[in-house]
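In what follows, every chain begins at residue 1, and chains take the letters A, B, ... in the order their sequences are listed. Small disclaimer: the values here were computed from a predicted structure and weren't measured.
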Amino acid sequence: MSVITRFAPSPTGFLHIGGARTALFNWLFAKHHGGEMLLRIEDTDRARSTDAAVTAIHEGLLWLGLDWQGDPISQFARADRHAEVANQLLADGNAYKCYCTPAELAEMRETARAEGRSTRYDGRWRDRDPAEAPSDALPVIRLKAPQSGATTVNDLVQGPVTVQNSEMDDMVLLRADGTPTYMLAVVVDDHDMAVSHVIRGDDHLTNAVRQRQIYDLMGWDAPIFAHIPLIHGADGAKLSKRHGALGVEAYAEMGILPSALRNYLLRLGWSHGDEEIIDTDQAIAWFDLDAVGKSAARFDIPRLESLNSHYIRTMDAGELCTLLAAQLAQVANRDLTETELARLPLALDALKERAKTLVELADKAGFLLDTRPLAMEEKAAGLLTGDAPALLSRAHGVLSAVEDWNVEVLTEAIRNLAEAEDLKLGKLAQPLRAALTGRNASPGIFDVLFFLGQKECLDRIADHMA
RNA sequence: GUCCCCAUCGUCUAGUGGCCUAGGACGCUGGCCUCUCACGCCGGAAACAGGGGUUCGACUCCCCUUGGGGACGCCA
């Protein structure tokens, strides 16, 4: 059997982190089994669906490196087919028309709740004579679900899940205005799209059981279900928009790499022994649903950042350089000069092991831009008091005399000066660092001198000499 | 409230009856390295929710309790 999965978000907002993980699992599962992932936009709620959200979802998926087969399918566009199935169910006696008004249903639920009974629809039109139908009301079509026995879904992640049919009411298939409900639409679409595995959040677990009833009544084979646990916020509560359920683009803005987010999301709820660093090729080779955990996982930013720093350190230098240049230009709000651009590759190795995100990388690389006089951080300014200016003057003299500006020569020059002044290296390095970077922490001082070049170094030192 | 699902360090997890004195990773923390900050290296604290069974033997199997989560719409 060929594997066909699908990612089916509703376009009511950006691609949030939970959706991204669902998409990743669908994508990995399909890739692992040599199948394909389809994309279906569940846009039947016309009031809440927007084109902007559809675009955001596409972009989010692409940014994450997840692709899908063929054109995205609009669920809304398939309304006629959904109605066709509902009518077939009706014709076969597996569905019926219900003339209850919303007000009547609300009253029914209210009464039931007040009496401590279940608020499920009581099936009052199930066996009622259609002749009693009011002429002024349009009916909804409800599924004539089995009332005895039980329905079981053999979930690949959760195991067998059984619900007594008496616990489920007759769900609405077609609304009074003739449009399909989500329950009907999903089943029809998954069937028509030949989806073999439905992998989605476990908030749909009970829906799966109800959907199973539609499959059964239509005489269709149900797909294999796999309901993956939801992601929770750091406090253990459901991840909501108020609480950190950011769109993937928010992570991009935080300077998170797609490769890191993929690795992080993969390990959230799935594992392969003690493996932590798993790149995408390895993930495709290893991924399967049997290793997906059953409990909800909390979203943990420090872990994501740790993974991100790993991917920053190991990614292709040229690509990282491009990303850094873009980030720097964005922060500075201008294009970088040739001179500045030329410093980037020199400093990259030293910088990248000090940054957890691209944003942090650009921040630490800020001193590479020509912006004299340099902004001084408070702690850096503190390093430039007392003897520092005089010391910098002597350093300026020594450095002016350097003819071959390379790390080796610079190391020797500075060490010799410290020795001559009878100072520990740190006493000389710190004022220099402050003058050169405006900070009290940076890559090694000899490297910093080298990255900046002789002229820029002398100018910056001169700004703080006695 | 009813139904469904879940339960190992703070967090993500390994563990499928004896390999567990419960392993790894992030985070936290002590030290080394050192011109600062990082990186790296060495070390530490830190968990089987509770109670009953089953068994020669339970983190692993069963039951109950507790705790979490989810679903109960003419939303998706």
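- The gap from the P atom of B/G73 to that of B/A14 amounts to 35 Å, rounded to the nearest Å.
- For A/His191 and A/Tyr215, the distance between ring centers is not under 6.0 angstrom.
- Residues forming a salt bridge (Lys or Arg N to Asp or Glu O under 4.0 Å) with A/Glu421 (at least two apart in sequence, or on another chain): A/Arg394.
- Two rings, from A/Tyr251 and A/Phe299, have their centers less than 6.0 Å apart.
- A/Thr179 comes within contact range of no nucleotide atom at all, as no heavy-atom separation falls under 4.0 Å.
- The phosphate of B/C74 has neither OP1 nor OP2 within less than 4.0 Å of any side-chain N or O from A/Thr181.
- Toward the 5' end of RNA chain B, the nearer of the two residues A/Tyr99 and A/Asp447, judged by each one's closest nucleotide, is A/Asp447.
- In the set B/C74, B/C35, B/C26, B/C74 carries the atom at the smallest distance from any side-chain atom of A/Pro102.
- For the pair A/Leu417 CG and B/C35 P, the interatomic distance rounds to 15 Å; values are reported in whole Å.
- Here the shortest heavy-atom pairing between A/Leu261 and A/Ile17 reads CD1-CD1, 4.0 Å.
- Nucleotide B/C35: unpaired (no Watson-Crick or G-U wobble partner with both distances less than 3.5 Å).
- Using atom C1' as the reference point in both B/C59 and B/C72, the two lie 34 Å apart (nearest Å).
- For A/His396, the ring-ring contact (aromatic ring centres under 6.0 Å, His included) test picks out no residue, with sequence neighbours left out.
- The P atoms of B/A71 and B/G52 are separated by 36 Å, rounded to the nearest whole Å.
- A donor and an acceptor atom, one from each side chain of A/Asn165 and A/Gln213, are located under 3.5 Å apart.
- Remark: B/U21 base-pairs with no nucleotide in the shown strands. Criterion, Watson-Crick or G-U wobble with two distances under 3.5 Å.
- The CG-C1' distance, from A/Asp169 to B/A71, rounds to 12 Å in whole Å.
- With B/C35, B/C74, B/U2 as the candidates, the nucleotide lying closest to the side chain of A/Arg175 is B/C74.
- Evaluation of the salt bridge (Lys or Arg N to Asp or Glu O under 4.0 Å) rule for A/Asp279 yields no partner, not counting sequence neighbours.
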Per-nucleotide protein contact string for nucleotides 6-13 of chain B (B base, S sugar-phosphate only, - none; heavy atom under 4.0 Å): SS---SBS
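- Look at the C1' atom in both B/G27 and B/A46: the space between them is 11 Å, to the nearest Å.
- Remark: A/Asp45 engages A/Arg48 in a salt bridge (Lys or Arg N to Asp or Glu O under 4.0 Å) (not counting sequence neighbours).
- Residue A/Asn207 places its side chain closer to B/A71 than to any other of B/C35, B/A71, B/G69.
- Applying the Watson-Crick and G-U wobble criteria (two distances, each under 3.5 Å), B/C28 pairs with B/G44.
- Summarising the geometry, the separation between NE2 on A/His227 and P on B/C3 is reported as 21 Å, rounded to the nearest angstrom.
- The distance between atom CD of A/Gln164 and atom P of B/C3, rounded to the nearest whole Å, is 11 Å.
- With sequence neighbours excluded, no residue forms a ring-ring contact (aromatic ring centres under 6.0 Å, His included) with A/Phe450.
- For B/G43 and B/G53, the P atoms lie 43 Å apart once the distance is rounded to whole Å.
- B/C74: no Watson-Crick or G-U partner with both key distances under 3.5 Å is found in any strand.
- For A/Phe25, the ring-ring contact (aromatic ring centres under 6.0 Å, His included) partners two or more places apart in sequence, or in a different chain, are A/Phe287.
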B/S/- contact track for nucleotides 36-44 of chain B, protein heavy atom under 4.0 Å: BBBSS----
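- For the pair A/Asp189 and A/Arg40, the salt-bridge criterion is met [side-chain N within less than 4.0 Å of a carboxylate O].
- Base pairing of B/A7 is made with B/U66, judged by Watson-Crick or G-U wobble geometry with both donor-acceptor distances under 3.5 Å.
- The CG-P distance, from A/Asp203 to B/G70, rounds to 9 Å in whole Å.
- Taking atom CD of A/Glu412 as the reference point, atom P of B/C35 lies 17 Å away to the nearest angstrom.
- Distance, A/Arg210 CZ to B/C72 C1': 8 Å, rounded to whole Å.
- Annotation: B/C35 and B/C26 have their C1' atoms spaced 30 Å apart (nearest Å).
- A straight line from CE of A/Met171 to C1' of B/C75 spans 15 Å, rounded to a whole angstrom.
- When the P atom is used for both B/G31 and B/A22, the distance is 27 Å, rounded to whole Å.
- Within 4.0 Å of A/Val161, counting heavy atoms only, lie sugar-phosphate atoms of the nucleic acid but no base atom.
- Here the separation of B/A58 from B/G1, taken at their P atoms, is 36 Å to the nearest Å.
- Residue A/His204 is in base contact, counting any heavy-atom pair closer than 4.0 Å across all strands shown.
- With sequence neighbours left out, A/Glu275 forms a salt bridge (Lys or Arg N to Asp or Glu O under 4.0 Å) with no residue at all.
- Across all strands, A/Cys98 comes closer than 4.0 Å to no nucleic acid atom at all (heavy-atom distances).
- Distances shown here put every side-chain N or O of A/Arg48 at or beyond 4.0 Å from the OP1 or OP2 atom of B/C75.
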